[in-house]
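The structure under discussion appears below in the form of structure tokens.
Here is the naming used below: chain letters follow the sequence lines, and residue numbers restart at 1 for every chain. All values below come from the heavy atoms of this structure, side chains included, with hydrogens, waters and symmetry mates left out. Since this is a predicted model, take the numbers as computed values, not measurements.
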Amino acid sequence: MNTIHDLGGMDGFTLPARDQDFPLREEWERQIWGLALSVWSKPIPGYPGGTRADIERIPPERYLDMPYFAKWLWAEEVAVIRGGLLSREELDNPDAYVAAVDVGDFTPATPADVVAFLQSDNSFERPATTEPRFRTGDEVVVKNNHPEGHTRCPRYTRGRRGVINRHHGVHDYQDDQPADAGKQHLYTVTFAAKELWGDRGNDNDRINAELWEIHLEPAP
Amino acid sequence: MSKDKVSRREFLSKTTMAASGVVAASTAGAAGAEASGEHEHKQSDYALRTKALVSVLTKKNIIDPAAMDAVVDFYENRVGPHIGARMVARSWVDEDYRQRLLDDARAVIREEGNAGVQGTDLVVVENSEKVHNLVVCTLCSCYPWPVLGLPPSWYKDTAYRAQAVIDPRGVLQKFGLELDDDVEVRVWDSTAEVRYLVIPERPPGTDDLSIDALAALVTRDSMIGAEKLA
């Protein structure tokens with residue numbers, strides 16, 4: 001989606017001071033963080049939970065107006081309603097009657113479950129069944145696609161020429177489209193600042209981004 | 001490993017003093033511009049909505065509030081920048097370790113028991129006199145939780161995410177770090193599940209320090225590339 005979450009290269013925002021606080025300041029922030037990670041650590045079968053794609057679908061004018069953890073709150077609300085775990089009415093009247101929901105023999109994550117999950121080996125690398133198309137040092141061009149669904153290919157890289165800096169093996173592919181892309185080789189691609197930003201780029205500067213093989217084609 | 005058991009709060013309060021000379025601790029930008037009345041109103045709205053969500057999901061036996069507390073406790077007291085700081089300090093005194101970090105940081109954190117959610121596929125890059133690395137996530141807020149804990153608010157701010165890729169030198173200057181023209185700036189935009197940790201330059205005059213003493217000098221923000229160590 002070409003929307004506000006894809007912020008790289010935009011002007012006009014005011015840079016904040018480098019705060020040194022612990023990021024969970026308010027009690028509700030601690031709760032929504034704990035809730036999101038609890039659900040993530042032990043998902044209910046068939047129920048996906050809040051995702052980055054849910055956050056990206058927040059209307060842009062509201063996205064800019066929301067503090068960070070309010071976006072997580074939004075995503076969790078959207079996800080539980082979409083999953084049929086609860087209704088908007090129940091959220092509006094939490095003290096009223098709450099309908100039971102059939103989650104089979106599911107039991108919620110315990111403190112031990114979440115700690116084990118947070119310390120688990122969370123690599124996204126998967127066994128490779130195909131040879132990588134590119135090698136370190138190869139010149140590539142990022143395809144100029146603008147999918148309507150979720151994509152991890154930032155706009156500022158599209159159509160730009162770069163060099164393969166590192167091959168990470170095969171990783172889970174996260175974009176919505178194409179749905180049949182399967183697992184994909186993942187690369188760090190290095191772009192010259194001038195290639196991305198023209199006269200504003202400094203000759204000495206390089207910007208790196210991770211892109212999946214399907215985002216790239218060999219440079220002509 | 002007992003030396004690593006500095007709590008996150010303790011670590012941050014130490015590094016606050018180290019960084020306080022660089023940027024005033026006042027809020028700025030969107031948060032600062034918000035009128036306080038409206039700010040309070042929004043905070044209470046978020047608090048009410050969160051309470052409703054937690055209450056209904058608890059009644060339906062979908063979440064256990066004790067598990068939510070365990071999540072917060074984990075990030076507040078167990079993982080945090082003290083873990084990355086120790087890796088950096090060791091890389092300064094142990095050439096073999098430094099090389100292993102640069103070649104395959106994932107293998108190192110697996111070996112050390114520091115792999116975890118949002119950060120197992122770790123890449124370590126290092127600063128030098130002529131190279132300065134800066135980490136960002138332009139699309140959301142990707143950050144190496146297992147070695148740095150949760151990202152600071154400034155890292156998740158729209159302004160930082162927007163400007164770090166187009167004007168890294170301007171961002172660093174506003175953060176109090178002026179780079180010479182001949183320094184190469186390398187920005188790392190975490191667009192997949194790869195996460196980055198920066199080895200800052202070792203401060204001068206620290207030749208005689210132990211790994212513990214060196215680790216105490218390493219700030220969170222220096223491991224993102226947002227500051228140099230004095």
*Tell me, please, which residues at least two apart from A:R52 pass salt bridge (charged side-chain N to carboxylate O under 4.0 Å, His left out).*
B:E193
*Considering only heavy atoms, which portion of B:R161 lies under 4.5 Å from any heavy atom of chain A: side chain, backbone, both, or neither?*
both
_Shorter than 4.5 Å, heavy atoms on both sides: which option in A:A99, A:A193, A:A36 has the most such pairs with chain B?_
A:A99
_chain A contact via B:S153 - side chain, backbone, both or neither, heavy atoms under 4.5 Å_ = both
*At a heavy-atom separation under 4.5 Å, does A:Q174 approach chain B through its side chain, its backbone, both, or neither?*
side chain
*Engaged part of B:V123 at the chain A interface, taking heavy atoms whose separation is under 4.5 Å*: side chain
*Engaged part of A:T190 at the chain B interface, taking heavy atoms whose separation is under 4.5 Å*: neither
*Heavy-atom pairs under 4.5 Å with chain B are the metric here; pick the option from A:L73, A:N165, A:I207 that has the most.*
A:L73
*Heavy-atom distances under 4.5 Å only: say whether A:D203 touches chain B with side chain, backbone, both or neither.*
neither
*What part of A:H5 lies closer than 4.5 angstrom to a heavy atom of chain B: side chain, backbone, both or neither?*
both
*Min side-chain heavy-atom separation B:D73-B:D69 under 4.5 Å*: no
_Go through it in stages, so that I can follow the logic: the residues are A:Y63 and A:T3, the test is side-chain contact (heavy atoms from CB on, under 4.5 Å), and I'd like the CA-CA distance, side-chain angles, deciding distance and then a yes or no._
CA-CA 10 Å; A:Y63 183 100; A:T3 184; over 6 Å; no
*asked:* Are there over 12 heavy-atom neighbours, none belonging to B:K51, within less than 6.0 Å of that residue's NZ?
replied: no
*For A:E61, does the CD atom have more than 12 heavy-atom neighbours from other residues, nucleotides or ligands under 6.0 Å away?*
yes
*asked:* Between A:W72 and A:W40, is the ring pair (Phe, Tyr, Trp, His ring centres under 6.0 Å) condition met? List the steps.
replied: CA-CA 12 Å; A:W72 285 70; A:W40 188 358; 7.1 Å; no
_Residue part contacting chain A, namely of B:P65, when any heavy atom lies under 4.5 Å_ = neither
_Side chain / backbone / both / neither for A:F69 at chain B, heavy atoms under 4.5 Å_ = side chain
_Quick check on A:Q119 against chain B: is it the side chain, the backbone, both or neither that has a heavy atom closer than 4.5 Å?_
both
*asked:* Suppose a student defines contact as a heavy atom less than 4.5 Å from any heavy atom of chain A. Which residues in residues 184-191 of chain B would they list?
replied: B:E184, B:V185, B:R186, B:V187, B:W188, B:D189, B:S190, B:T191
*For A:N202, is it the side chain, the backbone, both, or neither that has a heavy atom closer than 4.5 Å to a heavy atom of chain B?*
side chain
_Applying side-chain contact (heavy atoms from CB on, under 4.5 Å) to A:E125 and B:R106, what does each step give before you reach the verdict?_
CA-CA 11 Å; A:E125 188 175 357; B:R106 180 173 65 183; 2.5 Å; yes
*Identify whether NZ of Lys or CZ of Arg in A:R158 sits under 6.0 Å from the centre of the six-membered ring of A:Y156 and within 45° of that ring's axis.*
no
*So, do A:S41 and A:L118 sit near enough that their side-chain heavy atoms are less than 4.5 Å apart?*
no
*Looking at A:H215, A:H150, A:R152, which hits side-chain hydrogen bond (donor to acceptor under 3.5 Å, both in side chains) with A:D175?*
A:H215
*Please report the C-alpha distance between B:N133 and B:Y196 in whole Å, then the side-chain angles of each, then the deciding distance to 0.1 Å, and finally whether the side-chain contact (heavy atoms from CB on, under 4.5 Å) criterion is met.*
CA-CA 10 Å; B:N133 294 280; B:Y196 288 89; over 6 Å; no
_Counting only heavy atoms not in A:R82 (residues, nucleotides, ligands), do more than 12 fall under 6.0 Å from its CZ?_
yes
_Report which part of B:Y46 has an atom under 4.5 Å of a heavy atom belonging to chain A: side chain, backbone, both, or neither._
both
*Tell me, with the steps shown, if B:V165 and A:W197 meet side-chain contact (heavy atoms from CB on, under 4.5 Å).*
CA-CA 9 Å; B:V165 284; A:W197 315 114; 3.9 Å; yes
*A:F106 six-ring centre to A:K42 NZ/CZ under 6.0 Å and within 45° of normal*: yes
*Go through the atoms of A:L91 and report whether side chain, backbone, both or neither lie under 4.5 Å from a heavy atom of chain B.*
both
_Below 4.5 Å, heavy-atom pairs only: which of A:L35, A:D6, A:L211 has the largest tally toward chain B?_
A:L35
*Where does A:F124 contact chain B at under 4.5 Å (heavy atoms): side chain, backbone, both or neither?*
both
_For the interface with chain B, which of A:V115, A:V103, A:V39 has the highest count of heavy-atom pairs at distances below 4.5 Å?_
A:V115
*Considering only heavy atoms, which portion of A:A192 lies under 4.5 Å from any heavy atom of chain B: side chain, backbone, both, or neither?*
neither
